[in-house]
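A short worksheet on the structure shown next.
Chain naming here is simple, since letters A, B, ... match the order of the sequence lines and numbering starts at 1 in each. Small disclaimer: the values here were computed from a predicted structure and weren't measured.
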Amino acid sequence: MLLRLLRRTAVFLASLFVSSIAVFTFMAVLPGDPARVTLGVNASDSAVQQLRDEFGLDRPLVSQYASWVHGLVTFRLGDSYVSNAAIGPQIADRFQVTLWLVVTGMVIAVLIAVPVGTVMAIRHRRLSGVLLSGLSQVGVAVPAFLAGILLITVFAVRLRWLPANGWTPPVVDPGMFLKQLVLPAFSLGIVQGAVLTRYVRSAVLDVLREDYLRTARAKGLRPGQALVRHGLRNAAIPVVTMLALQLATLLIGAVVVERVFVIPGLGSLLLDSVANRDLIMIQDVVMVLVVAVLLVNFLVDLLYIAIDPRLRAGAS
Amino acid sequence: MTVHSVELADTAVGPARRARGWNASLVVGGLIVGLLIVMALLSFVWTPHDPTLVNAAARLQQPSAEYWFGTDKFGRDVFSQIMVGSQTALFVGIVAVGVAALVGVPLGIVGGMGSRWVGETLMRFNDLLLAFPALLLAIMFAAVYGGSTLVAMVAIGIASIPNFARLVRSGTLQVMRTEYVLAARAAGRHPFGIGLRHVLPNVSGLVIVQMSVGFAIAVLAEAALSFLGFGTPPPTPTWGRMLQASQELLWEAPRLAVFPGVAIAVAVLGFNMLGDGLRDYLDPKLEDRR
Amino acid sequence: MSHMRKAAVALTAIAAMSLAACSAGSTESGKGSDSSQGAANASLNIGLTAEPASLDFTKNDGAAIPQALLYNVYETLVKVDQKGKIVPALAKSWDVSSDRKTYAFQLVDDAKFSNGKPFTAKDAKFSIDRVKSDWTISLKSAMDQVDEVSVKNPTTLVVKLKQPSNDWLYRMTTRIGAMFSRTGVDPLATKPVGTGPYEFSKWKRGDSITLTRNDDYWGDKPHFKNITLKYFKDPTAENNALLSGTIDVIGTVQSPDSLGQFENNSKYQIIEGTTNGEVVLSFNNKSGPLQNKKLRQAIKHGINHKALLDTCWAGKGKLVGSMVPPTDPWYEDLTDRYPHDTAKAKQLIRQSGESGKTLRLRLPNLPYATACGQVVKSQLEQLGLKVKLDQLEFPAAWLNTVFNSADYDMSIIAHVEPRDMAAVFGDPKYYTGYGKPALRSLLQKADQGTPEEQVTYMKQAAEMLADDAAADWLFVQPNLIVADKDITGLPKNAISESFDFTHLGQS
């Protein structure tokens with residue numbers, strides 16, 4: 001087990017290294033000169049050159065890479081080319097915003113998906129199950145931003161129950177924070193919920209076919225009872241894995257909803273930095289997003305090693 | 001959309017099996033997809049109006065015999081745009097699924113047939129690729145190569161490679177344990193031959209199901225990217241951009257959002273249902289995994 | 001020739017660039033403003049489209065910075081009023097010598113910076129000198145005219161120019177005329193210090209900037225205590241914010257087609273005026289097929305400007321026909337030089353011998369450019385021309401490809417800098433590749449002549465540009481503001497770099 005742990009950690013670190021090289025290489029070929037963009041359209045070539053020197057854009061790539069990674073590892077991310085403001089706090093701040101949105105959205109998704117998915121599985125041969133299944137198919141087919149536009153039109157513009165957009169940090173005004181969170185979180189939650197529902201259904205169906213559940217049912221338990229007593233834990237493992245991955249990829253996936261609701265999250269920061277050719281900022285944001293996925297994968301694997309006796313035994 | 005890929009990839013190997021007999025998903029999904037293909041092919045030779053012709057006199061018309069779905073603010077026929085938009089929808093699917101399958105299927109087969117070390121390495125590569133969600137990759141690609149359908153879809157395709165590779169690898173591992181493959185190996189057949197003769201045909205069902213699902217992912221991805229302004233440049237009509245452009249007129253002409261919105265949802269629904277239906281249909285041919 | 005470049009351009013669009021980033025700041029936002037708190041503490045939320053990337057307009061070219069700060073936080077010696085006239089600000093009056101090279105400004109004696117220091121002629125000299133020494137943006141070249149700045153006494157400033165220049169005083173109304181405190185220029189990017197009626201209060205990056213009334217202001221104190229500028233990339237989100245009450249004013253409407261929902265609603269008022277922003281269909285005069293004047297003329301005849309304005313900008317805006325907005329003293333309607341005439345256009349295309357060529361129309365991904373580009377393409381294709389439309393991300397990709405490399409045949413961009421004819425067409429190295437000597441000599445005569453001569457020569461220059469088909473002028477952007485009914489004092493015309501908050505009130 002220790003060996004597995006060590007090996008998994010080594011793989012994680014190697015993945016970080018390889019992805020950092022991939023991200024850096026990618027940025028190096030990005031067209032558009034950040035110095036020119038900062039100085040504006042009529043800037044003289046000498047002024048642009050001066051700023052390029054200041055940014056260190058003419059240094060060899062290896063040395064640029066080294067100082068970037070050094071900054072990442074020591075959490076000293078430096079200043080943005082464009083705004084001169086420190087990058088670290090900006091990313092932390094935006095990350096927080098997106099995390100609130102994504103976590104709330106996923107909570108809504110779980111609250112929808114677990115009961116609905118379970119019912120769908122138990123009744124998968126009955127009309128109600130098939131109807132729910134069809135409904136979840138429709139949910140999967142609706143883009144999250146379309147859901148967002150519809151929610152805004154109904155609840156903000158026509159009914160005026162909730163603000164159409166905006167973001168207030170919870171420490172500043174908890175009431176406003178909640179009001180502004182409702183619509184975007186539901187836009188994400190409904191669509192992700194539909195996706196997750198199908199996953200829950202399939203996991204529960206898997207468990208229902210297991211021998212121990214057949215035995216339990218043979219002893220006279222109804223499917224729901226049997227499931228609750230014996231199966232939920234087993235069904236939970238793949239669902240939790242899925243949930244974790246959904247969460248990690250939603251950090252960027254939420255960008256469309258952030259755009260619709262004018263939320264200053266991580267995705268918006270990335271789009272703005274791309275438009276402004278804020279190279280270091282782009283690199284850092286992309287890296288943060290990539291690390292988030294790798295880290296979640298890593299943690300899920302560790303969890304598997306820890307809780308699953310079969311996996312612990314090392315049968316791959 | 002990035003997330004769908006994870007989930008949908010799994011439902012394809014999941015056990016959702018319905019009673020044999022009338023397969024509603026297959027029929028309805030097949031009909032929708034068939035209709036989509038017919039519409040796209042037809043739009044190459046005929047549309048009621050030129051979908052990009054600006055006509056100030058016919059601005060924002062209600063649906064009528066002349067303009068079945070009405071016109072947009074440029075006086076362009078919405079029905080013709082929806083028709084031509086189906087070309088883009090299919091095109092994005094073909095490119096994204098093509099890239100993902102062409103790379104992912106061989107990777108999966110090699111990963112399943114090769115030594116444990118080869119398999120592990122490929123799966124690590126897969127995990128690494130999974131760390132770049134489709135939307136992130138598409139934004140990065142668009143920043144470098146400019147916004148175009150092709151660029152965006154290659155990005156979506158690359159991000160979908162792990163779905164295919166993982167699926168095909170697990171399918172291959174099963175096939176490799178079957179008696180006829182064991183026999184072929186014992187007989188000293190070349191691995192390449194085994195892969196082509198035995199493995200590929202046996203995992204093709206899985207691949208077809210995943211391809212159908214991949215189409216759905218691609219259509220959703222194109223809509224999201226067009227919405228963010230990274231998709232197909234105008235005036236080529238795409239459903240995603242039509243939806244994006246409809247927003248400023250949501251108050252006066254909500255129909256401009258309804259038609260492309262419904263088109264996206266129906267197309268995605270069609271591909272997903274077709275995938276579901278195909279899985280149910282093809283499932284018995286696959287080895288029982290339980 | 002340095003004066004040729006003094007009217008450097010800032011593109012409106014540049015304003016659109018900036019949603020640069022957030023910061024530590026965004027966690028310490030202010031209370032949501034509440035306009036019902038009574039006059040003394042009233043707050044106002046204004047929606048705008050482009051967030052600045054930084055607050056330092058001496059080093060960043062974005063139009064969003066002066067839009068928020070000029071006249072509000074920073075004041076100038078002179079400013080332009082709603083009709084385009086130069087009027088006193090920190091200078092009570094000024095005298096011009098008979099050779100028109102020396103300006104003596106009488107300054108107000110009771111202005112104070114927000115850091116507590118009084119404003120004196122020494123600060124004015126410091127600010128003007130600093131443009132030459134410390135500014136990096138291209139606009140700074142307008143100060144190259146200045147020979148010497150001297151302080152006579154704390155309220156008298158004398159500026160000597162190298163040669164007479166009508167344009168110099170006008171440029172003093174823009175950001176380069178902003179007055180800084182000798183002890184308040186560090187750090188400009190995050191902490192602006194000025195003498196204006198508002199002080200910079202806080203910046204929630206990625207979201208909003210808040211200004212607070214300067215209660216020690218030397219002039220008339222403004223009505224609103226807090227003004228928050230909220231930035232929206234998406235015009236629809238901005239509309240929704242007004243409809244649901246999150247903001248009180250849409251400062252610059254980016255989707256005129258959506259005005260319908262406010263038009264018949266008694267809760268809102270719509271203000272329609274004019275701006276300096278010429279939306280130009282620019283031609284590459286230096287290379288490619290559009291060096292051919294016949295082809296350029298064909299395009300100008302082939303475009304139906306009325307239909308274009310109606311479809312892509314809801315008929316709002318003004319057709320002008322040359323590089324002069326209607327508020328400039330030398331404005332003339334030149335739209336009759338190239339009336340819509342498809343037969344003539346087709347004939348000119350045949351004569352040009354370029355009919356088979358594909359023209360690359362490379363657009364920034366901004367709302368007006370995307371909308372009008374599709375119309376231009378459709379109209380030109382009906383003449384039999386081939387047009388390939390590329391959409392380039394703004395600002396970076398567009399600047400790189402079109403602006404710096406001039407790798408384009410046609411583009412569409414709004415040139416929003418005031419009096420920018422010289423900047424856009426006076427320099428052959430500029431992306432338009434025009435800058436013919438005849439035009440340059442007219443512009444020079446206009447700058448150095450009497451005010452009457454200036455008008456005469458500028459008119460000639462505008463006609464020359466139109467006749468030579470140096471570009472096609474699609475329309476001048478309208479100034480469109482939608483606001484809650486009770487907001488007063490909103491500017492009808494947007495003809496300075498500033499969104500002037502000083503007259504805003506509530507009825």
Side-chain angles (χ1 to χ4, degrees), chain B residues 49-61 71-77 80-81 84 138-152 224-238 240-254 256-257, chain C residues 233-240 243 253-265 303-315 340 361-367 369-382 387-394 396-398 400-401:
Chain B
H49 296 268
D50 178 346
T52 61
L53 182 75
V54 172
N55 181 359
R59 215 169 167 255
L60 291 173
Q61 306 252 315
T71 60
D72 67 5
K73 74 166 183 170
F74 296 103
R76 300 179 300 203
D77 180 37
S80 305
Q81 292 186 62
V84 174
I139 291 171
M140 290 166 70
F141 271 48
V144 175
Y145 304 108
S148 84
T149 327
L150 191 65
V151 167
L225 286 170
S226 285
F227 190 82
L228 293 176
F230 286 113
T232 316
T236 309
T238 77
R241 197 154 27 68
M242 287 172 76
L243 193 55
Q244 200 265 341
S246 74
Q247 275 206 85
E248 61 171 325
L249 287 156
L250 208 53
W251 192 266
E252 282 167 69
L256 291 176
Chain C
K233 259 201 165 156
D234 177 19
T236 310
E238 194 176 355
N239 291 342
N240 291 339
L243 287 170
V253 172
Q254 286 294 302
S255 59
D257 278 295
S258 66
L259 281 177
Q261 58 193 315
F262 304 107
E263 257 158 13
N264 300 313
N265 190 329
I303 289 177
N304 181 345
H305 292 85
K306 175 80 174 55
L308 178 133
L309 189 61
D310 284 346
T311 46
C312 75
W313 220 236
H340 179 54
L361 175 57
R362 311 196 108 167
L363 306 173
N365 60 344
L366 299 168
T370 308
C372 300
Q374 300 182 57
V375 181
V376 167
K377 177 174 153 79
S378 177
Q379 292 190 350
L380 294 185
E381 280 173 345
Q382 287 169 65
V387 178
K388 183 175 179 303
L389 193 154
D390 294 324
Q391 213 176 9
L392 303 171
E393 197 194 346
F394 191 87
W398 184 85
N400 200 42
T401 309

**Fill in**
d(C:Asn365 CG, B:Leu228 CG) to nearest 0.5 Å is 11.5 Å
**Prompt:** Any idea which of C:Leu259, C:Leu392, C:Val375 has the most non-hydrogen atom pairs under 4.5 angstrom with chain B?
**Reply:** C:Val375
**Request:** Below 4.5 Å from any heavy atom of chain B, which atoms of C:Gln379 appear? Answer side chain, backbone, both or neither.
**Result:** neither
**Item:** B:Arg59 vs C:Asp257 side-chain heavy atoms within contact, under 4.5 Å
**Value:** yes
**Fill in**
To the nearest 0.5 Å, atom CD of B:Gln244 lies from atom OG1 of C:Thr370 at 8.5 Å
**Asked** chain B heavy atoms under 4.5 Å from C:Asp234: which part of the residue, side chain, backbone, both or neither?
**Response** side chain
**Prompt:** Shortest non-hydrogen contact from B:Lys73 to C:Cys312?
**Reply:** NZ-O, 3.6 Å
**Prompt:** Among B:Pro234, B:Ala245, B:Ala142, B:Ala56, which has the most heavy-atom pairs under 4.5 Å with chain C?
**Reply:** B:Pro234
**Asked** Does any heavy atom of chain C fall under 4.5 Å from the side chain of B:Leu53, the backbone, both, or neither of them?
**Response** both
**Request:** Please look at B:Glu248 and chain C and tell me whether the side chain, the backbone, both or neither of the residue comes under 4.5 angstrom of a heavy atom of that chain.
**Result:** both
**Engaged part of C:Thr236 at the chain B interface, taking heavy atoms whose separation is under 4.5 Å** = side chain
**Request:** Can you measure from CG (C:Asp310) to CZ (B:Phe74) and round to the nearest 0.5 angstrom?
**Result:** 12.0 Å
**Asked** Taking all atoms of both residues into account, what is the closest heavy-atom pair of B:Glu252 and C:Gln261, and its distance?
**Response** OE2-N, 4.3 Å
**Fill in**
For B:Val151, the side-chain contact (heavy atoms from CB on, under 4.5 Å) test, sequence neighbours excluded, returns B:Phe141, B:Tyr145, B:Ser148
**Message:** Tell me the closest heavy-atom pair linking B:Pro235 and C:Leu389, and the distance in Å.
**Reply:** CD-CD1, 4.1 Å
